[in-house]
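Report on the following structure.
Residue numbering restarts at 1 for every chain, and letters A, B, ... go by the order of the sequence lines. Quick caveat, the model's predicted, so the values are computed rather than measured.
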Protein chains: 2
Amino acid sequence: MTGLSERKKQILANVVEIYVKTGEPVGSKGLISASGLNCSSATVRNEMNDLDRMGYLVQPHTSAGRIPSEKGYRYYVDNLMPHREIDEFTRRLIDAGISPAAGDPEKLVNTARELLADITKCAAVSTAPVGSLNVIRKIELVPVGTHTAMMVLLTSNGILKSRLCRIESELNARILEQFYSICERFFIGKPSGEISPAEIQTIAASVDYDYFALLPLLGALSDLAVSTNDSKLILGGEANLLSRMDYGERAVSLLRFLNSREPISEVIRSSKDDIDVKIGSENMFRQLEDSSVVVARYKVRGDDSGSISVIGPTRMDYPLVISSMKYITDLLGRMITSALEE
Amino acid sequence: MTGLSERKKQILANVVEIYVKTGEPVGSKGLISASGLNCSSATVRNEMNDLDRMGYLVQPHTSAGRIPSEKGYRYYVDNLMPHREIDEFTRRLIDAGISPAAGDPEKLVNTARELLADITKCAAVSTAPVGSLNVIRKIELVPVGTHTAMMVLLTSNGILKSRLCRIESELNARILEQFYSICERFFIGKPSGEISPAEIQTIAASVDYDYFALLPLLGALSDLAVSTNDSKLILGGEANLLSRMDYGERAVSLLRFLNSREPISEVIRSSKDDIDVKIGSENMFRQLEDSSVVVARYKVRGDDSGSISVIGPTRMDYPLVISSMKYITDLLGRMITSALEE
DNA sequence: GATTAGCACTCGGGCTAATTGAGTGCTAAA
DNA sequence: TTTAGCACTCAATTAGCCCGAGTGCTAATC
């Protein structure tokens with residue numbers, strides 16, 4: 001396994017790049033004219049034949065040009081891909097969208113995802129910032145009527161959730177006091193992932209008075225806690241996939257697949273690195289056999305916090321996707337971190 | 001203009017229903033076998049020919065069956081459509097999803113929209129509850145650090161918005177006090193639609209001290225106020241449109257159209273009745289020429305508050321769509337109203 | 001030994017012609 | 001007014017054909 005000759009690498013890289021750009025299988029002649037290789041088409045043909053036999057290229061049919069195989073893309077991404085700088089204009093766009101002034105971390109992630117979908121012309125999914133250390137930091141219950149109150153919950157990750165609550169009995173000072181004392185005792189400082197409805201029941205039952213008034217409040221609290229922690233996938237840019245003609249009919253089944261969320265969430269969970277490229281059938285889901293998924297994690301205070309992923313045809317512009325994802329997740333992490341400073 | 005003969009009505013209704021079900025142009029033979037009309041195909045042919053000349057039916061080409069024209073659909077919706085009851089199973093599904101326990105009004109509307117998209121197998125858009133009387137009811141600013149606070153805003157429509165704020169100077173009691181006094185003086189009880197960034201500037205400038213501390217707070221407040229009022233369109237169920245093969249390639253352009261929001265928002269605004277059916281080119285947008293839009297408004301405390309719309313091919317199951325929309329918007333209105341009670 | 005020119009060969013895409021069949025309109029009889 | 005019958009139309013399918021981009025192979029050349 002001595003690796004590919006220099007010229008083979010050059011040819012493979014060119015095939016990938018031309019094919020990504022044009023969508024047509026690339027032949028020997030087309031390749032030399034587009035790449036400035038100074039050798040004849042016959043030589044290229046021989047080399048391509050080798051690459052074909054080695055599994056880096058495939059022919060859609062006998063008398064057509066070559067297309068990169070998954071192995072070819074993989075080799076390209078791992079070894080051949082140029083390091084591309086993100087261009088000035090889109091950089092400004094990103095910088096403008098992702099700034100601490102734009103709101104809470106969740107919003108930042110959302111705009112980041114939208115930007116990414118636009119830039120890459122692919123679909124993108126994001127998960128809200130959720131760290132292992134997502135601890136409940138503050139709970140506030142503000143009465144707004146005799147039977148209603150707004151409840152607000154803030155976690156250490158800066159996630160803020162609010163909802164209205166109604167209780168049957170009157171919302172008096174004693175109930176508020178009890179509520180806060182329960183919060184102080186059981187919830188503040190606790191990881192929001194550890195709060196379960198069952199536990200809420202137990203806690204409510206341990207209260208001396210006002211069980212029936214507190215129960216709905218604690219129920220709402222549990223809802224909020226769960227919602228800060230279920231790193232719900234948000235999907236956007238699906239329309240981009242349709243415009244890319246790579247998928248014809250298959251677009252529908254892909255969209256269905258993406259909309260069912262769980263599997264794609266598994267794909268994301270299974271990715272390990274800061275930035276992880278899964279090409280075609282590396283994804284373990286048949287519905288993704290023509291697609292690549294690039295997962296990038298952003299870090300808040302140095303810890304993995306959430307991720308943004310791009311989903312597109314295997315024939316995607318990997319340098320563009322990867323460079324913009326790197327830039328965006330990096331910026332995103334820094335911005336969220338700074339937004340969380342005291 | 002004496003209207004259609006009874007048999008013509010029957011035939012038109014059958015053509016619509018069969019075509020909606022099968023997607024194929026319906027011919028004279030197919031019609032009698034599927035509808036139990038006791039006359040011969042030749043008679044049906046004559047009648048269809050009449051309906052064709054009157055503009056209720058069209059032929060895709062000379063030797064094919066008939067398809068309802070827009071006029072045909074319109075007549076069907078206005079005069080022929082049976083009143084269909086929503087079926088037991090989906091009714092339970094809806095009742096389970098839309099209950100005051102499910103959270104604030106905005107969430108209710110969202111689940112309503114999702115349910116509707118599922119039931120009708122179409123795309124659906126919703127607008128959050130926003131009435132003319134959307135007045136700021138309560139503002140709360142809870143410090144969570146020396147420089148950060150969470151701000152919560154509640155409107156009379158039950159819309160609750162929250163965000164984190166950061167200020168440069170220290171967040172002390174005096175600033176809080178000033179903030180609340182400004183709120184009391186300028187914001188509480190005011191329609192959220194009337195708050196503009198320019199006005200915020202003016203108010204901030206009129207403050208004696210702490211201008212620089214208050215400005216970001218008031219800015220955040222203005223953001224929140226605006227967000228309670230911009231009845232942002234939320235779109236879902238796009239994938240449903242793709243599965244319906246009525247649109248082939250055109251699906252892409254339709255999706256793009258829906259994603260650009262403004263025009264569809266205009267369509268909704270232009271609808272007048274509680275429930276309004278716009279068929280094909282009645283919609284004034286070329287991109288909707290093959291689509292129908294059904295807009296239903298829900299009422300809170302008896303006033304128009306927001307809307308849910310279904311967008312699908314002109315060839316949609318109008319009785320199903322309309323009956324489920326009626327049921328859902330009715331329930332939704334009642335639930336939101338009751339959630340707002342003191 | 002590597003490279004290149006030349007050539008026979010392959011096979012998908014695009015074009016045209018022929019066939020099929022569902023569905024029509026019209027006419028004439030019931 | 002309804003119906004049976006018939007000639008006609010036209011989209012969709014199928015078959016046949018050619019074209020040409022692109023290949024692999026061979027033999028000559030560097």
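A donor N or O paired with an acceptor N or O is not found under 3.5 Å between the base of C/dG25 and the side-chain atoms of B/R53.
Following rounding to the nearest Å, B/E24 (CD) and C/dG21 (C1') show an atom-to-atom distance of 14 Å. Look at NE2 on B/H61: it is 14 Å from C1' on D/dC8, rounded to the nearest Å. Rounded to whole Å, the distance from CG on A/N38 to P on C/dA2 is 17 Å. Whole-Å rounding puts the B/E47 CD to C/dC26 C1' distance at 16 Å. When rounded to the nearest whole Å, the span between CG of B/L51 and P of C/dG25 equals 11 Å. Distance B/R45 CZ to D/dC8 P: 16 Å, rounded to the nearest Å. Rounding to whole angstrom units, CE of residue A/M48 and P of D/dG24 are separated by 9 Å. Rounding to whole angstrom units, CD1 of residue A/I11 and P of C/dT3 are separated by 10 Å.
Between A/D276 and A/K272, no side-chain nitrogen of the basic residue sits less than 4.0 Å from a carboxylate oxygen of the acidic one, so the salt-bridge criterion is not met. Salt bridge A/D317/A/R84: present, at least one basic N to carboxylate O contact under 4.0 Å. Ion pairing of B/E88 with B/R92 is present here, as a side-chain N (NZ or NE/NH1/NH2) and a carboxylate O approach within less than 4.0 Å.
Within the structure, a side-chain polar atom (N or O) of B/R66 is placed less than 4.0 Å from OP1 or OP2 of C/dG25. In terms of phosphate contacts, B/T43 brings a side-chain nitrogen or oxygen within less than 4.0 Å of OP1 or OP2 of D/dT3. In terms of phosphate contacts, B/R7 brings no side-chain nitrogen or oxygen within less than 4.0 Å of OP1 or OP2 of D/dT1. Put simply, B/S40 has a side-chain N or O that comes within less than 4.0 Å of OP1 or OP2 on D/dT3.
The side chain of B/N49 lies closest to C/dC26, out of D/dC10, C/dC26, D/dG24. Side-chain proximity of B/T62 to C/dG12, D/dT3, D/dT9: nearest is D/dT9.
Looking at heavy-atom distances under 4.0 Å, B/N46 makes contact with a base. No contact: B/S41 has no heavy atom under 4.0 Å from any strand. When heavy atoms are screened at a 4.0 angstrom cut-off, B/A42 is found touching base atoms of the nucleic acid.
For CG of B/N38, the number of neighbouring non-hydrogen atoms (other residues, nucleotides, ligands) closer than 6.0 Å is 12 at most.
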Tell me which donor-acceptor pairs under 3.5 Å the side chains of residues 22-34 of chain A have, and how far apart each pair is, sequence neighbours excluded?
unit_1	atom_1	unit_2	atom_2	d
A/T22	OG1	A/I18	O	3.1
A/T22	OG1	A/E24	N	3.1
A/S28	OG	A/R45	NH1	3.3
A/S33	OG	A/G30	O	3.1

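Each of B/C39 and A/K29 was assigned the nucleotide of DNA chain D with the nearest heavy atom; the assignment lying further toward the 5' end belongs to B/C39.
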